[in-house]
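Here is the structure we will look at, set down as C-alpha cells.
First the proteins, then the strands, lettered A, B, ... as listed; each starts at 1. None of these values were measured; they are calculated from a predicted model.
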Amino acid sequence: MLPQTLFFIFRVMQDVKRIRENPESFDKAMESRNFRPVAAEIIDLDAKRREVIARLQQTQSRRNEIASAIGAAKKNGEDAAALEREAVEIKQAIPQLEKEEAAFAEKLNELLASIPNIPLANVPVGRDETANVCVRKVGEPPKFDFQPKPHYEIGEALGMIDFADAVKISGSRFTILRSQVAKLERALKDFMLDVHTKEFGYEEIGVPFLVNSECMFGTGQLPKFAADSFQTTDGRWLIPTAEVSLTNMVRDMIIPAAKLPIRMAAYSACFRSEAGAAGRDNRGMIRNHQFSKVELVSVVHPKKGEEELERMTKAAETILKKLGLAYRVMLLSTGDMGFSAEKTYDLEVWIPSENTYREISSCSLCGQFQARRMAARYKDESEKGFVSTLNGSGLAIGRTIVAILENYQLANGKVTIPEVLIPYMNGVKELG
RNA sequence: GGACAGAUGGUCGAGCGGUUUAAGGCGCCGGUCUUGAAAACCGGAGAGGGGGAAACUCCUCCGCGAGUUCGAAUCUCGCUCUGUCCGCCA
C-alpha cells in the first residue's frame, strides 16, 4: 500500500535522530495522541539497520577498489585473474546485506509512516473533543420569533435542494442544488476566492481533483486512512480536500528561502467515503460524499509556522465575518487533531436548528511533518531544511450554504442573501 | 488506444562497458583587476545517508525498478513520464 516505499526512506531518518535523543518525550507525545509508545521499537530497528549499513558499505567499498584495480591491470596488460577471483568472492555478500538492509528499512519506514505528528507544547492535552478549548466567540447568534427550521427543510420547501433525486442519481449522502441555491454555491466560491486573493495575498490555483498515491502519502492520507477516500480503477485517488493537490505542488522541491512564504488558494470538489460515519448527520448536506470547498495552503519557513497559522485562521474568519455569521474558534486538543497536524484551530459556525456550533473550517499547522514525507525543502546561503506547511478551509461551501439558509431564514420560508454576496448573485437579495 | 523518438547536475548538452572523482557552454557565488560596473582571468559550487569529537572518510543517486558483469550513465527486460504523428474525444 505504501507508494514507492523506498522513495521516502531517508527523509524520515532525521526524525529518528530526535527520537533517539529523547525517547521519553516522544512516547509521551504519542500517548497524548492516543497512539502507542513506539520509541523503543524505532530505536531498535534503526540501530539494527545502521549496523547492516556499516557492513554493507565496507563491502561495497572493497568491491569498488578491486574493480578499479582490475581496470588498471587490464589497461597495463597485466594478469587480473587473481583479482577477479577475489572480486567474485567478495561480491557474494552484497545481495544478502542489501536484502537485510531493505528489510529493516521497510519495517522502520512502515512504522514511521504510521506515526502521527507531534503536537506543539501549547496544544491542550486530552483524549478527544471534550478537551478542546474555545479561544473566542465572534458575533451574536440571530434571535428568531419562530422555530428556526433545518436547512434541508428550508431548501426543499424552496425547491432548491433536492435529496430524493440525488439518491436516484448517486445514492445517499449526495445533494442536488437547484436554481438560486446552485447559484449561491457559485457565488460563495467566487466571493471566498476573491477575499483570499485580494485581501490576503493567496494565489488562485485550479487543481486536479484526481491525484496519485505519492500525493496522498505526502499529506498523510496514506497509508493509514486509505478507507476514507475513493480510489479510481486506475489507481488514482479522488481528493478528499484540495489540500492534497496544493500541498504536493512543492513535493520534491528545494525552494529558495526568499520565495517563502508561498500562499495558494483553490476551489475544489472534495470526496470522502465517510466510512465509520454511519448514522451521523444522515439528513441534509452536512456530511456528504462530495462537497465544495475553498482551501488555503501556505508553505513557510519552519520558524514562521505559528504566525502563519494565526494569519490563515484570520483569513478564514474574515469570510464568516463578512457573511455576518456567528462563530467560535476552537483550539483542538491533542486527541482530536488530525494525523498530520501539530496545532489546529477549528472554526465552528452557529447552526440555529441545532442550537449549537458546527465545524465549518479547520486550519492546521503541519510543521515539517508533511514536508518530510514529501521532501519539500528550502535553502539559502546560510541554512537549509524542511519547509513548514499549513492548510485551512476557507471555507467549506456546502456547510456555508447550510449556515446561510438557517441563519438568514425568514418566517415566510424565504431566505435573505447576505449583503456581500448580492453582487455575486447578480443582484438577487432573497431566495424564494 | 496505436506508431516512432526521448529522459544526464540550476539550465543547455557530451558520454554508448574500466583515469567520469559526469567533459564543455551558459547561469550562479567568491577573488584579482577597476573610481564603480562590464569584460578578462583565477577559484568555488548537487542531493541523501553511514562512521568520526573533529580534521576527514566511506556509500548511494545520470527518470523509476529489476537483471547481465570483477566493473553499468553506457548492455538487457519491465514501468513511468515527455515530445511528435495517427485515432478517439469535452
side-chain N/O A:Arg50 vs B:G49 OP1/OP2, d < 4.0 Å | no
Aromatic plane relationship, A:Tyr378 with A:His301 - under 30° parallel, 30 to 60° tilted, over 60° perpendicular = tilted
Which of parallel (below 30°), tilted (30 to 60°) and perpendicular (above 60°) describes A:Phe339 and A:Phe369?
-> perpendicular
Identify whether any heavy atom of A:Ala87 sits under 4.0 Å from a base atom; if not, whether one sits that close to sugar-phosphate; answer base, sugar-phosphate or nothing.
-> sugar-phosphate
Got a sec: does the CD of A:Glu430 have more than 12 other heavy atoms crowding it under 6.0 Å?
-> yes
From B:G71, B:G46, B:G18, pick the nucleotide closest to the side chain of A:Ile70?
-> B:G18
Pair A:Glu310-A:Tyr345, side-chain donor/acceptor within less than 3.5 Å = yes
What does the list of N/O pairs under 3.5 Å between the protein and nucleotides 53-59 of chain B look like, with a distance for each?
unit_1 : atom_1 : unit_2  : atom_2 : d
B:C58  : O3'    : A:Ser61 : OG     : 3.3
B:C59  : OP1    : A:Asn64 : ND2    : 3.3
B:C59  : O3'    : A:Gln60 : OE1    : 3.3
B:C59  : O2'    : A:Gln60 : OE1    : 2.7

Can you tell if the side chain of A:His151 reaches within under 4.5 Å of the side chain of A:Met285, non-hydrogen atoms only?
-> yes
Using a cut-off of strictly less than 4.0 Å, decide whether A:Lys379 has a side-chain nitrogen or oxygen near OP1 or OP2 of B:G46.
-> no
Could you tell me whether the phosphate oxygens of B:G17, OP1 or OP2, come under 4.0 Å of any side-chain nitrogen or oxygen in A:Lys74?
-> no
Options B:C70, B:A47, B:G50, nucleotide nearest the side-chain atoms of A:Lys384 = B:A47
